[in-house]
Amino acid sequence: MRRISMAHGAGGSVMQELVKGPILSNLGGSGAEVPLEALDDSSVMSGVVLHTDSHTVQPLFFPGGDIGRLAIAGTVNDIAVMGADPIALTAGFILEEGFPFADLRKILRSMKETCSEAGVYVITGDTKVMEKGAIQEFVINTSGIGVRSSALDENVEETRKFRDVSSPWLLDSNLREGDKIIVSGTVGDHGVAILSSREGYGFETEIASDVKPLNRLITRLLQTGGIVCMKDPTRGGLSNSLNEWSEKSGTGILTKEDKIPVESGVRAACEMLGLDPLEIGNEGKLVLGVVPEKAEDVLQELRGTSEGQDAQIIGEATNRFDRVVLETSVGGKRILLPPAGDPIPRIC
Ligand code: MG
């Protein structure tokens, strides 16, 4: 009998099989404007952008954040990358019997602070407790709704000066030949920070998670214009995001390894453990597809912010290939396949 493995929840190609098989065949078919079948960051129906996310990170507290900050930022970001303003969130808490009140208060305070950073509120929720051992410590589900942002309208207007815009939303399927790919900063920080806080890994430098709500930054970028797609490269990392774009847009992507920013401590940790930083999840980074005429403007806007100071143009969409190709630092080329699962489990 086939059973669920950790890889089925890891965001890579194994999870895609589960989602595209039993989940979509039973739950698809809504006819929504952006339906479940689009497997995008959020769905859109009757003008409302809707997203949900469960958070099972271990440990609950890690350098740069905790499960509460992650739960708010993760949902805010998945709504904002569609081109929507998040307006309200829900929070469902599942606690293990015996969980310390002091930790719960700390996590709730962190959620409150992250909400005020993003300018949103939790307006409804649910609390359940399970017997000791039936669940590990604390699991949080957050859902959120958003509405079309006026900055998205400005973005569409600016983009139309250069080319036709098929969907007004920033969908994974919008990338076209010649579009530039921009990453907003160093990749791999979040996953490596989680790993470093687990027992048995004594890295020399402490790597902090990048977990952060990015909706205010996204508004600024949309006002600059020319953005056709946007993603938060979470589970499966940059590699997974680029592969989703390539597959759904039907275009190849050529990306240059030496343009992709990786923090030196993250690079060292990855080398030591045999991990690829391009496959490791981020929680405070963006990858953007931008029409070539506006790529430099978006890059400069990003570099003027604290979250985007390390931003780089890392490649472009091209019909020379039908998949994602990485040009390595030594000048060779290799196909960048989507990871089967996340190399570090339970990072979000
Ligand atoms: Mg996402």
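For the numbers below, each heavy atom of this structure counts, side chains included, while hydrogens, waters and symmetry mates do not. The structure displayed is predicted, hence computed values, not measured ones. Counting convention: from 1, in listed order, for ligands and their atoms alike.
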Using only N, O or S atoms, tell me which atom of D41 is closest to the Mg ion (ligand 1). OD1
State the atom name: nearest N, O or S atom of D78 to the Mg ion (ligand 1). OD1
When you check the side-chain N and O atoms of E257 and S329, is any donor under 3.5 Å from an acceptor? yes
Are a donor atom and an acceptor atom from the side chains of E137 and Q58 found within less than 3.5 Å of each other? yes
Under 6.0 Å from the CD atom of E247, do we count more than 12 heavy atoms belonging to anything else shown? no
Test: ring-ring contact (aromatic ring centres under 6.0 Å, His included). Region: residues 11-61. Which pairs qualify, not counting sequence neighbours? none
Atom name of the N, O or S atom in D232 that lies nearest to the Mg ion (ligand 1): OD1
